[in-house]
Amino acid sequence: MFFVLLEFDSFVFAIDAISVETVLSYPKIEECADCGFVEGKISYKGMTVPVLDFCKIISNRNCRKLFSCRCVLVKVLGPDSQERFFGVLSEGVTRTAGIAQNTIETFPSSLGKMDFFKEFHFENSMAKIVDCKWMYSNMNLPKFFAELDAVEAES
């Protein structure tokens, strides 16, 4: 399996490359008031895409505009079976890793933010695999897309 790594605050997270549409340099984010975990939105190929600040979700602080800060554009199937995109803004998005499937283990989450993480040994730490489908369902994204679809239908 191949992963895009997110490394900050002594954490290592991994997003399965199969879920990744692209990785963008720090994009211009239009702020979104009262959108739960959605930091804001960007335009990507004519689509409005919500962006989650992963540093805020994990470390309770905003991502800093560092050279290594990127927006990983992730694709998931929504409940309507329509392909949806959302951005995961994070610091430390500079590397990838290839990991053998049989080295991945499931552990209870020590972070308390997500139900569980699958993990693998990476260098001198454990990398936590981000469950993008879980993030989509539990970070207010279905509501964001329903409201966006309603606005587009009115236009």
Side-chain angles (χ1 to χ4, degrees), residues 1-32 35-45 47-79 82-145:
M1 298 182 74
F2 197 65
F3 296 95
V4 174
L5 301 179
L6 297 79
E7 302 173 272
F8 64 92
D9 295 352
S10 74
F11 294 113
V12 179
F13 293 93
I15 296 178
D16 190 337
I18 289 174
S19 300
V20 175
E21 171 74 8
T22 190
V23 177
L24 304 170
S25 294
Y26 199 103
K28 180 175 172 29
I29 300 172
E30 183 181 328
E31 290 186 16
C32 182
C35 290
F37 290 103
V38 178
E39 181 72 16
K41 55 189 176 181
I42 62 172
S43 179
Y44 176 73
K45 295 186 177 181
M47 296 179 291
T48 300
V49 177
V51 176
L52 302 172
D53 185 329
F54 199 63
C55 296
K56 186 182 287 183
I57 293 167
I58 299 300
S59 295
N60 204 27
R61 66 168 181 79
N62 292 332
C63 283
R64 297 167 291 186
K65 293 183 181 180
L66 303 173
F67 181 71
S68 67
C69 192
R70 303 279 188 269
C71 185
V72 181
L73 218 60
V74 175
K75 58 186 171 200
V76 295
L77 282 182
Q82 185 176 355
E83 193 171 69
R84 299 291 193 172
F85 295 90
F86 68 94
V88 177
L89 187 67
S90 180
E91 297 170 7
V93 184
T94 60
R95 302 195 295 164
T96 58
I99 304 298
Q101 175 76 37
N102 64 350
T103 63
I104 297 172
E105 303 173 55
T106 300
F107 297 95
S109 175
S110 59
L111 296 173
K113 305 279 187 192
M114 297 185 185
D115 292 338
F116 70 91
F117 281 107
K118 291 184 179 176
E119 297 182 319
F120 57 87
H121 291 279
F122 182 74
E123 295 176 352
N124 294 326
S125 63
M126 293 296 286
K128 296 167 178 27
I129 300 172
V130 177
D131 185 339
C132 293
K133 290 178 187 172
W134 187 95
M135 284 183 70
Y136 174 84
S137 297
N138 291 278
M139 299 288 172
N140 221 19
L141 296 177
K143 179 182 177 194
F144 177 91
F145 282 113

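Since the structure is predicted, the reported quantities are computational estimates derived from the model, not experimental observations.
At a threshold of 4.5 Å between non-hydrogen side-chain atoms, the residues Ile129 and Met1 do not count as touching. Proximity of Cys69 to Leu89: side-chain heavy atoms (C-beta onward) are separated by under 4.5 Å at one or more points. The closest side-chain heavy-atom distance from Glu31 to Glu39 is not below 4.5 Å. Looking at Cys132 and Phe86, their side chains come closer than 4.5 Å, going by heavy atoms from C-beta outward. For the pair Val38/Leu52, a side-chain contact is recorded, criterion being any heavy-atom separation below 4.5 Å from C-beta on. Looking at Met135 and Phe54, their side chains come closer than 4.5 Å, going by heavy atoms from C-beta outward. Contact check for Asp53 versus Ile29: no side-chain heavy atoms found under the 4.5 Å cut-off. Looking only at side-chain heavy atoms (C-beta outward), Lys133 and Tyr136 stay at 4.5 Å or farther from each other.
A distance-only check finds a donor-acceptor pair linking the side chain of Glu91 to the backbone of Arg64 [under 3.5 Å]. Here the side chain of Arg70 pairs a donor or acceptor atom with the backbone of Phe67 at under 3.5 angstrom.
For residues 15-30, the set of pairs meeting the side-chain hydrogen bond (donor to acceptor under 3.5 Å, both in side chains) definition, not counting sequence neighbours, is empty.
For the atom pair Leu73 CG and Lys45 NZ, the distance stands at 9.5 Å (nearest 0.5 Å). With rounding to the nearest 0.5 angstrom, the CD1 atom of Ile99 is 7.5 Å from the CG atom of Leu5. Atoms CZ and CZ, on Phe3 and Phe13 in that order, are 14.0 Å from each other to the nearest 0.5 Å. In this structure, CD1 in Ile42 is found 9.0 Å from CE in Met47, a value given to the nearest 0.5 Å. Between the CD atom in Glu7 and the CZ atom in Phe122 there is a gap of 6.0 Å [rounded to 0.5 Å]. A distance of 10.5 Å separates SG in Cys71 from OH in Tyr44, rounded to the nearest 0.5 Å.
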Derivation of the side-chain contact (heavy atoms from CB on, under 4.5 Å) call for His121 and Met126: CA-CA 5 Å; His121 291 279; Met126 293 296 286; 3.0 Å; yes
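Residue Asp9 comes nearest to Ser59 through the heavy atom pair OD2-OG, 2.8 Å, listed as atom of the first residue, atom of the second, then distance. Cys55 approaches Cys63 most closely through the heavy-atom pair SG-SG, 2.8 Å.
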